[in-house]
Number of protein chains: 2
Amino acid sequence: MELIGGRWRGAIMASLCGSPKRFVELKSDLHPITSRVLTKELRYLEQNKLIIVEYGNGAKNAVCYAHSEHGKSCAPVILQLREWAVKHRKLMLETLRTEH
Amino acid sequence: MELIGGRWRGAIMASLCGSPKRFVELKSDLHPITSRVLTKELRYLEQNKLIIVEYGNGAKNAVCYAHSEHGKSCAPVILQLREWAVKHRKLMLETLRTEH
DNA sequence: CTGCATCCAATTCGATACTG
DNA sequence: CAGTATCGAATTGGATGCAG
């Protein structure tokens, strides 16, 4: 749970399931995350080999984040988890309504 | 992630996958968790309808914790997550070794 | 754009001791 | 057995501002 727990790590991995993303793309995807936190979490995921970082071609400020080969293997797990969470939320909202 | 994140919630759900358990059973299963934390997490999971609590037959101190009907639906997710985590750990240990 | 520095509030979690 | 009470350390993450 340490790997993908916390408020952001799972969300970051989920956001990268589709395609590689730039820093700003992630930032707006995960809004309202702050730069400080996003940076930290990306470094953590990089150290743990779940993502890889490509520093831009040329001297541009173009950095790209993507699932590593190994990070891809967790995509199905993350997506299944999300599906379950959505179902769960529905159920919780229903029981809230029927309790009145 | 809030539901099963943190150090213990996922582990508790995993521990209850097999069969209902008593407080002490969970406590030793999840060793070194403390009573204080286990109590808190169980209350949280109860409030979120992932587990149900059966207070003992008679006046005995016999309380039983089990997956709720809905909690059962997350068992496959939890177990898949665990499998993936095990694989991940293996891979990380290997790369540690080959780095020397 | 991509990030680091500083500061700070809230939360989490653990140790320990105690109760009916 | 199944918790509660108290205390404190450590971590997390948010706000804001600055830099190359």
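For the numbers below, each heavy atom of this structure counts, side chains included, while hydrogens, waters and symmetry mates do not. Within every chain, numbering begins at 1; the chains are lettered A, B, ... in the order of the sequence lines, protein sequences first and strands thereafter.
Without hydrogens or angle criteria, B:Glu99 side chain to B:Leu96 main chain gives no donor-acceptor distance under 3.5 Å. Checked by atom type and distance alone, the side chain of B:Lys21 never pairs as donor or acceptor with a backbone atom of B:Ala66 at under 3.5 Å. Here the side chain of B:Arg9 pairs a donor or acceptor atom with the backbone of B:Glu2 at under 3.5 angstrom. Panel note: side chain A:Arg7, backbone A:Ile33; no donor-acceptor pair is recorded below 3.5 Å. Using a distance-only test at 3.5 Å, with no hydrogens or angles considered, a donor-acceptor pair links the side chain of A:Thr98 to the main chain of A:Glu94.
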Between the protein and nucleotides 5-11 of chain D, are there any N/O to N/O pairs under 3.5 Å, and if so, what are the atom names and distances?
residue	atom	partner	partner atom	Å
D:dT6	O4	B:Arg36	NE	2.9

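Of all the residues in residues 5-33 of chain B, B:Arg22, B:Phe23, B:Val24 reach under 4.0 Å from DNA chain D with at least one non-hydrogen atom. Heavy-atom distances under 4.0 Å link DNA chain D to B:Arg43 of residues 40-53 of chain B, given in residue order.
Within 4.0 Å (heavy atoms only), B:Ser35 reaches at least one base atom of the nucleic acid.
Side-chain contact check for A:Lys87 and B:Ser73: no donor-acceptor pair (N or O, by modelled atom type) lies under 3.5 Å. Between the side chains of B:Thr95 and A:Lys49, no donor-acceptor pair is found at a separation under 3.5 Å.
Between B:Tyr65 and B:Phe23, the angle of the ring planes lies from 30° to 60°, which puts this pair in the tilted group.
Read 5' to 3', the first and last nucleotides of DNA chain C with an atom closer than 4.0 Å to a heavy atom of chain A are C:dC1 to C:dC7.
One end of the helix from C:dC1-D:dG20 to C:dG20-D:dC1 points its axis 50° away from the other end's axis, with each axis taken from 5 pairs and the angle rounded to 10°.
Annotation: side-chain hydrogen bond (donor to acceptor under 3.5 Å, both in side chains) contacts of A:Ser68 (sequence neighbours excluded): none.
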